[in-house]
Each structure stands twice: as structure tokens, then as C-alpha cells.
Amino acid sequence: MIKISPWEEWARNEEAPTEGLLRTLKNPCVMGRFCVAPALGGKGFGRQVIAASFAKAGSLGYDGVFFEAVTTNAIGLHLYETLGFPVTGKIHAYGLEFNTYEVPFDP
């Protein structure tokens with residue numbers, strides 16, 4: 001399951017400070033809970049889930065996607081790097097450090 005939320009809804013419920021966190025997006029979709037079962041890893045499912053999620057967010061009128069990934073998730077971080085997603089910031093929440101990502105959609 002992937003949760004798609006408007007920025008305002010996510011920011012209102014987020015433990016970490018969100019003020020000044022966005023850098024480029026004006027109407028971002030916040031996505032969370034990207035995950036693939038370990039037994040299915042390395043088969044391209046992560047890329048497919050991200051592509052389908054981004055397509056859905058674009059069809060809903062968002063200008064891009066904001067998400068975060070815990071810095072201990074080496075597999076996820078590698079996937080985001082290979083997809084060309086730049087780290088745009090870092091936050092601390094729930095006793096953990098997260099990279100933040102903003103991925104704008106092509107106009």
C-alpha cells in the first residue's frame with residue numbers, strides 16, 4: 001500500500017518540523033510506505049511501484065512528489081539514487097534520521 005497525501009495534510013500530522021522543508025515544489029504529493037517484500041527484491045517491483053505512484057499523483061494534479069527515506073534503508077536509498085532522485089534535505093523524527101526527496105514532474 002502506498003499512501004498519497006496532500007502536503008498540508010502530511011505537514012499537519014508530521015512529528016518533524018516541516019517549515020522551510022520544501023525547496024522546489026508548490027503543490028506536492030507526499031508519498032509514504034514504499035516497500036517491497038524482501039523475497040521480491042531485485043526484480044524491478046520497486047521501480048514499477050514508484051512509476052505507477054508518480055503517474056497517479058500526476059493525474060491528480062500534483063506538480064511533483066515529496067517523500068522521505070530512513071538513512072538506514074540502504075536498498076531504498078540505492079534505488080532512489082539510481083532513479084536520479086537528489087536528496088534535498090534531512091530531518092529527524094521518531095528517533096531516526098531521514099533523507100528528504102523532491103521529485104518534480106515534467107511540465
Side-chain angles (χ1 to χ4, degrees):
M1 176 180 104
I2 295 178
K3 183 174 180 174
I4 298 176
S5 304
W7 174 262
E8 294 80 16
E9 178 184 321
W10 177 81
R12 185 173 47 246
N13 296 311
E14 179 62 19
E15 178 182 298
T18 58
E19 185 67 34
L21 192 56
L22 284 180
R23 303 189 191 284
T24 61
L25 301 175
K26 302 291 183 220
N27 181 35
C29 170
V30 177
M31 291 193 175
R33 298 185 180 91
F34 287 127
C35 58
V36 173
L40 298 175
K43 296 180 171 71
F45 291 119
R47 290 176 190 276
Q48 291 175 23
V49 167
I50 288 172
S53 301
F54 282 27
K56 178 66 174 178
S59 76
L60 294 172
Y62 294 102
D63 66 347
V65 172
F66 173 91
F67 66 97
E68 54 195 38
V70 68
T71 57
T72 57
N73 179 359
I75 293 170
L77 298 178
H78 177 74
L79 173 61
Y80 307 142
E81 181 182 335
T82 63
L83 289 170
F85 300 164
V87 174
T88 57
K90 294 201 180 281
I91 60 172
H92 292 63
Y94 316 107
L96 301 168
E97 182 177 71
F98 294 82
N99 289 343
T100 62
Y101 298 85
E102 286 183 60
V103 182
F105 297 145
D106 292 328

Interatomic spacing from CG in Leu40 to NZ in Lys43 - rounded to 0.5 Å: 6.0 Å
Exam field: side chain Asp63 to backbone Lys26, donor-acceptor pair closer than 3.5 Å: yes
Within one Ile-Leu-Val-Met-Phe-Trp-Tyr cluster: Ile91 and Tyr94, side-chain cutoff 4.5 Å: yes
Polar side-chain atom of Asn27 near backbone of Gly61 as donor-acceptor pair, under 3.5 Å: yes
Closest non-hydrogen atom pair between Val36 and Gly41, with its separation: CG1-N, 4.2 Å
Listed partners of Leu83 passing side-chain contact (heavy atoms from CB on, under 4.5 Å), at least two apart: Arg47, Ile50, Leu79, Phe85
Lys90 vs Thr71 side-chain heavy atoms within contact, under 4.5 Å: yes
Tyr62 side chain reached by Leu25 side chain, heavy atoms, under 4.5 Å: no
Phe98: ring pair (Phe, Tyr, Trp, His ring centres under 6.0 Å) partners, not counting sequence neighbours: none
Cys35 SG to Asn73 CG distance, which is reported to the nearest 0.5 Å: 10.0 Å
Closest contact, heavy atoms only, Met31 versus Ala57: CE-CB, 3.6 Å
Any Leu96 side-chain heavy atom under 4.5 Å of Thr72 side chain: no
Distance flag, aromatic centroids of Phe66 and Tyr101, threshold under 6.0 Å: no
Phe54 vs Phe105 side-chain heavy atoms within contact, under 4.5 Å: yes
